[in-house]
Every structure is written in C-alpha cells, then in structure tokens.
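If you're wondering where the values come from, they're calculated on a predicted model, not measured in any experiment. Along the sequence shown, the residues carry numbers beginning at 1.
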Amino acid sequence: MLSRRVFLVLAAAGLAGGAEAQSVLGKAVEPYFADWLSQFYAQAEAAGLSRTLLDREFAGLSPDPRVAVLDAGQPEFSRPVSAYVEGAISPARIAEGRAKRSQTPLLGRIEADWGVPRDILIGVWAMESGFGAHQGDLDVLRCLATLAQGRRRAWANAELIAALKMIAERGVSRERLRGSWAGAMGQTQILPSVYLETGVSASGSGRPDIWGSAPDALASAAHLLAKNNWRRGEGWAVEVIPPAGFDFSLTESVAKPFAWWAQRGLRRASEDRWSSADAAADAMLLLPSGAAGPAFLALPNHFVIRSYNNSIAYALAVGLLADRFAGGGPLTRPWPREVALSLTQRMAAQSALAKLGFDPGPIDGMIGFGVRKALRAWQQHEHLTADGYLSPAMVARLSAAARR
C-alpha cells in the first residue's frame, strides 16, 4: 500500500476515487487505485484485451510506493556530465566491450541488417544493463500501474496495454515481465510498446527473447535505432578544438557541414581525416562541460542515440564507449573538475534568468536545452563567454544580477 504522503499527493491531483474494481484488487488497496483500474478496464477492452486476462493479471495488484517516489523525485544534486561519462568509460568496461565484439553471435548480421555499427550497439548494451548483468527485477505491470497514478497517466496506460498484449498476443509469460521501475526490460532495456514494434528474433527462430538472448536484445535495439533514422555509413560525433576567440554562442544553435565550422576555426582533435559522408553531414557543436571542457561536433546519429535516451550525457557515453571498443583512444581535451549543482542552485538560476528577461522555461530544477539557450543569451548580453554552462560561480553571478 502507498504511504499516506504519496496517497495525499495523488488525492490532491484528483486521483482518489471510488472502488469499482475492489473485488479484483482486494480490500486493502486505496480507492483511487481501484477507481483508476475501473477506467483502465474500459480502455484495455477497447484495445482488444479480454476481461479474463485483465482479471487474472490484476488480481491482488497494488501500487509500488518505491516507484511513486522515484517518479516524483528530483535529485537534490545534479551529477555533472563529466562524472557521468567518466564513470561509464572505465577500463574494465572497455575491455569487456572489446571482448563482446568477437564473442557475441550474429553481430555481423545484425549490423548488416539494420545499418547500426556493432560498437554503438555494444555501447547501448553496456549502458543499459552492464552487458545483460543488471536488467532489473521489478514487476513491470505493477510499475506501470503505479506510474499511471501520476503525471504520466496516458503514457503509462499505453505501455501497460502493450505489456498486456505481450502476454495475450506474443506468448510472453508474466514472470518474464521484469525490469526497471520505469517499465524498461531486457538486456537493452526497451519498453513494452517498443518490444511490440521493433522486437526482433536475431536468428529468426521465434519471438524475441530480449532477456536471455543477447543477439535478440541487440537486434531489437538496432531495429529501434534504424527506425529512428540511423544513417548508415556515418559516424555519431567527433571531438574538435575551438580556436582562441571562438564564438561559443553557436553552441546548440546551428547545424552545418564541417567546412562551415572549419571556416570559423574549429579543427578535428585527432589526426584522422573526415569521411566524405561525415564531412557532408550537418553537425551541431556541443559543449557538455562548457568552453573549458571537450567540444564535439555532433552528427545526426548522435541525436538518433538520444531517441533511445534523451540525454546528452547518455549519448556521449554510448558513442565514446563505441569509439574505445573500436580501438580509439581517450579524448584530447580532458574533462574539467566539475562541482554538482544542488536543486536550490538550479532553481535559483532559472528564477534569475526569468527575472532578467531570458526565459528558461519552467522553474523546475531541470537544466535542459531551454535553460542553456537562455543562459547563452544572457552571457552574450553581458559580454561573457556564451557557452551556456551553468557552474556554481555562474549561478552566483546570475543571482547577483537579478538582485540589482
């Protein structure tokens, strides 16, 4: 049963209600949950699921308080990109990934079928589950039913219907539906809807086994990336070195071919030559740790990786791991020593930007593109290095400006 604190939050949002489904759930469940299930039954039956299936799979089900707290939680401190990436690219993980290149069956066929390089797929595999070692052991149906009580009801309901269709139409057992608190499953952590749309049996032998078969999990991830327009024959990003006096306000603002960037003084960090395909592609400048850290020209495939997990840090970790698996070396410019920002600091920066007339979006402590864009505009206005990087010193400077 949910804690009273979580129940009161849900009740205040209008989610507490009657108990039409009380007989299925049992007497101990909160009324708001039973009321949601009564409404969900109608949606699920309209999607072709039987009442017998619903009664069986929801018998005795209750929300998981751990999931409700995780979904509503905002971390007190925001982990810097440098710490995330450096933690992901450990010598042990690089060595294991290189071994997986030759040890994993059907990788060549998967790469040929979907056009996604094996090293990118192994990078996803490493990041999502530690090569299958950490897939999550939570009941996916219970997690999704809990998430349906919060801010993402429509999304969670749709994923829950997909999970039930995995049971009803694909013959996946309920016991197999184990994964993370957010409903992702298997060695490459895909959602139920993704399983239905892009799940692949690499050998063609039957239904995809994303839990026990590495080839099936990797082929399913490759299909997903291909569906999101992975560009065969192109890379994902390259490290570049900006010249002195470079206009950093161009960060995350324009996508141009390498020749355009070269005219502005950017040069490739390594001695490698650009392939003709990469040189012709539009690339966007990224400064994940500001002007003092590594700089990247992100090619379209970088953003395809972000369709898997919409995080610059995640996409960088996958891509940089892939480069190391393929024999590449470390970055030319090291990551700077960064300090994590507290939730209070992040919200203070957003509030200050808004007060100064530079719209950062919601004051929610989430430092995304909108905040970086607003910060770059303010930095440019103040004749500062306009890299959009929010450090503790920059938070203090913004706050002081807003008080004037």
Side-chain angles (χ1 to χ4, degrees), residues 9 12-13 71-86 151 240-256 260-261 263-266 283-298 303 306 310-316 333-404:
V9 170
D71 183 51
Q74 167 68 278
E76 175 57 31
F77 286 90
S78 176
R79 191 180 186 192
V81 171
S82 60
Y84 180 96
V85 174
E86 288 187 306
R151 59 190 173 88
V240 291
I241 305 297
F246 181 76
D247 180 6
F248 287 104
S249 68
L250 295 172
T251 306
E252 289 187 282
S253 63
V254 293
K256 298 289 184 180
W260 189 90
W261 291 106
Q263 289 172 358
R264 285 149 184 81
L266 283 185
M284 181 176 288
L285 181 64
L286 300 180
L287 298 171
S289 295
F296 303 90
L297 280 183
F303 299 94
R306 281 165 64 174
N310 191 21
S311 159
I312 291 177
Y314 175 86
L316 285 173
R333 178 176 288 185
W335 294 100
R337 189 177 298 276
E338 297 183 89
V339 177
L341 293 174
S342 70
L343 178 59
T344 299
Q345 287 174 308
R346 301 194 307 270
M347 294 183 72
Q350 291 173 313
S351 298
L353 283 166
K355 186 174 181 180
L356 291 164
F358 298 87
D359 181 16
I363 311 300
D364 57 4
M366 302 293 289
I367 306 303
F369 174 76
V371 174
R372 295 192 297 272
K373 180 180 178 181
L375 178 56
R376 280 192 295 271
W378 178 79
Q379 290 170 325
Q380 198 167 25
H381 181 266
E382 295 294 312
H383 306 290
L384 303 172
T385 299
D387 58 3
Y389 179 62
L390 191 63
S391 65
M394 190 58 64
V395 173
R397 193 162 189 163
L398 279 168
S399 298
R403 288 194 295 269
R404 290 200 291 266

For Ser391, which residues count as a side chain to side chain contact (heavy atoms under 4.5 Å, CB included) partner, sequence neighbours excluded? Tyr389, Ala393, Met394

According to ring pair (Phe, Tyr, Trp, His ring centres under 6.0 Å), who are the partners of Tyr314, at least two apart in sequence or on a separate chain? none

The side chain to side chain contact (heavy atoms under 4.5 Å, CB included) partners of Pro392 (sequence neighbours excluded) come to Val339, Leu341, Gln345

pair Pro294-Pro336: side-chain heavy atoms closer than 4.5 Å: yes

With sequence neighbours left out, write down each residue that passes side chain to side chain contact (heavy atoms under 4.5 Å, CB included) with Ala315, or none if nothing qualifies. His302, Ile305, Arg306

Could you measure the distance from the CZ atom of Arg333 to the OG atom of Ser289? Nearest 0.5 Å is fine. 11.0 Å

Pairs satisfying salt bridge (Lys or Arg N to Asp or Glu O under 4.0 Å), at least one member in residues 390-404, at least two apart: none

By side chain to side chain contact (heavy atoms under 4.5 Å, CB included), which residues pair with Ala377, not counting sequence neighbours? Phe358

Of all heavy-atom pairs linking Ala291 and Asp387, the shortest is N-OD2, 2.8 Å

Test side chain to side chain contact (heavy atoms under 4.5 Å, CB included) applied to Leu375 and Ile367, step by step: CA-CA 10 Å; Leu375 178 56; Ile367 306 303; over 6 Å; no

Testing the basics here: between Ile363 and Ser351, what is the closest heavy-atom pair and its distance to 0.1 Å? CG2-OG, 3.4 Å

Nearest 0.5 angstrom please: Asn310 CG to Phe303 CZ, how far? 10.0 Å

Just jot down the salt bridge (charged side-chain N to carboxylate O under 4.0 Å, His left out) partners of Glu252, sequence neighbours excluded, or say none. Arg372, Arg376

Arg337: partners by side chain to side chain donor-acceptor pair (under 3.5 Å), with sequence neighbours left out: none

Excluding sequence neighbours, so at least two apart, what forms side chain to side chain donor-acceptor pair (under 3.5 Å) with Ser249? Asp247, Gln380

As a quick check of understanding, evaluate side chain to side chain contact (heavy atoms under 4.5 Å, CB included) for Gln379 and Phe248, giving each step before the final call. CA-CA 10 Å; Gln379 290 170 325; Phe248 287 104; over 6 Å; no

So, does Ser311 use its side chain to make a donor-acceptor pair with the main chain of Ala313 at under 3.5 Å? yes

Side-chain donor or acceptor of Glu338 paired with backbone N/O of Ser82 under 3.5 Å: yes

For Ala298 and Leu286 the tightest heavy-atom approach is CB-CD1, 3.6 Å

Between Leu316 and Pro288, the two heavy atoms sitting closest are CD1-CG, 3.6 Å

Residues that Thr251 engages under side chain to side chain donor-acceptor pair (under 3.5 Å), provided they are two or more places apart: none

Donor-acceptor contact present, side-chain Gln350 to main-chain Val371, <3.5 Å: no

Under 3.5 Å, side chain of Ser253 to main-chain N/O of Leu250, donor-acceptor pair present? yes

Side chain to side chain contact (heavy atoms under 4.5 Å, CB included) for Trp261 and Leu297? Distances and angles first, verdict last. CA-CA 9 Å; Trp261 291 106; Leu297 280 183; 3.7 Å; yes

Non-neighbouring partners of Tyr84 that pass ring pair (Phe, Tyr, Trp, His ring centres under 6.0 Å), sequence neighbours left out: none

From Leu285 atom CG to Phe246 atom CZ, the distance as rounded to the nearest 0.5 Å: 5.5 Å

Return each pair, listed once, that meets salt bridge (Lys or Arg N to Asp or Glu O under 4.0 Å) where at least one residue sits in residues 350-370; pairs must be two or more places apart or across chains. none

